[in-house]
Amino acid sequence: MNVQFKKGVLELIVLESVRNKDMYGYELVEEVSKVVDVNEGTIYPLLKRLTNEHYFETYLKESTEGPPRKYYHITATGVLRRDELEAGWTEFADKVSAFLKERQH
Amino acid sequence: MNKQDFLKKLEKNLSVLEESEIKDILEEYEQHIDMAMQGGISEEEALKEFGDLSELTAGILEAYHVKADYNKDNKTALDFDKIQESGKKTIAGAKKSAGKLGQCFGNLIMKIKLTNQKKMDSFKKVVGNKKTDKLQHEANHDSLFYRIGNVIKNFVSVIWACICWSCKTILKASVWCIKIIWNVFWLWQIGVFGIAMLFGILMLGFMLVLLFTGYPFVGVSIMTLGAIFVAIAGVLISYSLITSELKHMIANKSNKDKTITVDGKEVEGHA
């Protein structure tokens, strides 16, 4: 996928991933990587930014496999932000799709 | 590069952030690498997944609204130690320059203030060691500004004195002139009334001679007598209105006229 496309939708994908279930960093990277091919160097700074902007809250949870893990939990503001991004993306995608379809005919 | 080197470099690059934040980031990244390795990936591969360290640092700093100043073309890694060192050098240089500038400015002010070269040299020496208020006071008294101030002050004093003296003189002259005019006028009146009185006495004499020879000049004689009294009154009033200085002068004049000689010596007479 184009790098600019990835950057545009990565925030939406991350917010959507955490919306239904709190996740820790590695788990979130795995989830996002299913959709877009991004490295950890892109995901972690984004998680930090979303946390600083209060779209995420973090908490530590004990793990049986090692040290406590830092989990990300979406806030109400984060949900609103996710809805806003989804609406923007849908509108954008619909318009582009319509344009492409129109051109094909 | 192993995990420790990676984390060490990352810590160094993020040194602009608070320690607690750096610790939080490093713990998370370390945990991620450990989990990736547990998943069967080698340490080197796990580190590669983070991509370029400079880009990673820039991304993290951007999340804190910190300008990473990442130079993508040169692929220059951020070195905050160098930035800090550079900043310290700049501040030290600025302080030094400010100090020199302040010193130069101070010297310039002193040079302007001190006109006496000898005093200025001694003042400079004292400034080099320790300022004393006494010398500064002396220097200030010899300063050009102080001298100019004194000249202006003296000039104004002289001008003011001249103005005062002129006003007083004019006032005195005016008073003196008024007194002269006043006294001359009343002396003139005394003369007029005196002549009138003498003329009245002469006329009264004629009237009395004619009255005693049988002429009916009783009424005219009484009128002449009244005129004489009026003239006498005029002389007295005019004399009372002349100034005391003139009276005193007249009195002295009359006393001198009355000096007598006793046993060959002049003795002032008393009226």
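Sequence lines set the chain letters: A, B, ... in the order given, protein chains first and strands last, and positions in each chain run from 1. Excluded from the calculations below are hydrogen atoms, water molecules and symmetry mates; all remaining heavy atoms, backbone and side chain alike, are included.
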Colleague: Could you report the tightest heavy-atom contact between A:Lys70 and B:Gln31, atom names first, then the distance?
Modeller: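 Heavy atoms only, the tightest pair is N-OE1, 4.0 Å.
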Colleague: Is there any residue in residues 160-169 of chain B with a non-hydrogen atom under 4.5 Å from a non-hydrogen atom of chain A, and which ones are they?
Modeller: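 Interface residues of residues 160-169 of chain B: none, nothing closer than 4.5 Å to chain A.
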Colleague: Hey, are the side chains of B:Glu21 and A:Lys48 touching, using non-hydrogen atoms and a 4.5 Å cut-off?
Modeller: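 A side-chain contact under 4.5 Å exists here.
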Colleague: Are there over 12 heavy-atom neighbours, none belonging to B:Glu44, within less than 6.0 Å of that residue's CD?
Modeller: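 It does not: B:Glu44 CD has 12 such atoms or fewer within range.
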Colleague: So which residues of residues 10-18 of chain A are in contact with chain B at a heavy-atom cut-off of under 4.5 Å?
Modeller: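 Within residues 10-18 of chain A, no residue comes under 4.5 Å from chain B.
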Colleague: Is it the side chain or the backbone of B:Glu27 that comes within 4.5 Å of chain A heavy atoms, both, or neither?
Modeller: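 When you check distances to chain A, no heavy atom of B:Glu27 falls under 4.5 Å.
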Colleague: For the NZ atom on B:Lys3, are there more than 12 heavy atoms of other groups (residues, nucleotides or ligands in this structure) within a distance under 6.0 Å?
Modeller: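 Yes.
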Colleague: Which of residues 85-103 of chain A have a heavy atom under 4.5 Å from any heavy atom of chain B?
Modeller: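 If one takes a 4.5 Å heavy-atom cut-off, no residue of residues 85-103 of chain A lies near chain B.
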Colleague: Could you tell me the separation between the NZ atom of B:Lys48 and the CG atom of A:Asn39, rounded to the nearest 0.5 Å?
Modeller: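 CG of A:Asn39 is found 13.0 Å from NZ of B:Lys48.
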Colleague: For B:Leu53, is it the side chain, the backbone, both or neither that has a heavy atom under 4.5 Å from a heavy atom of chain A?
Modeller: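 Nothing of B:Leu53, per the 4.5 Å heavy-atom cut-off to chain A.
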Colleague: Report which part of B:Ala36 has an atom under 4.5 Å of a heavy atom belonging to chain A: side chain, backbone, both, or neither.
Modeller: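 For B:Ala36, heavy atoms of backbone and side chain both lie under 4.5 Å from chain A.
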Colleague: Around atom CG of A:Asp37, are there more than 12 heavy atoms from other residues, nucleotides or ligands closer than 6.0 Å?
Modeller: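 Atom CG in A:Asp37 is not crowded, with 12 or fewer foreign heavy atoms closer than 6.0 Å.
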Colleague: Could you check if a side-chain atom of B:Glu62 sits within less than 4.5 angstrom of a side-chain atom of A:Arg49, using non-hydrogen atoms only?
Modeller: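 Answer no - side chains too far apart.
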Colleague: Partners of A:Tyr71 by ring pair (Phe, Tyr, Trp, His ring centres under 6.0 Å), sequence neighbours excluded?
Modeller: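 Ring pair (Phe, Tyr, Trp, His ring centres under 6.0 Å) list for A:Tyr71, sorted by chain: A:Tyr24, A:Tyr59.
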Colleague: Measure the spacing between CD of B:Glu49 and OH of A:Tyr44 and express it to the nearest 0.5 Å.
Modeller: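 Atom-to-atom, B:Glu49:CD and A:Tyr44:OH are 11.5 Å apart.
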Colleague: If you compare all heavy atoms of B:Leu56 against all heavy atoms of A:Pro45, which two are closest, and at what distance to 0.1 Å?
Modeller: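 Result for this residue pair: CD1-CG, 3.9 Å.
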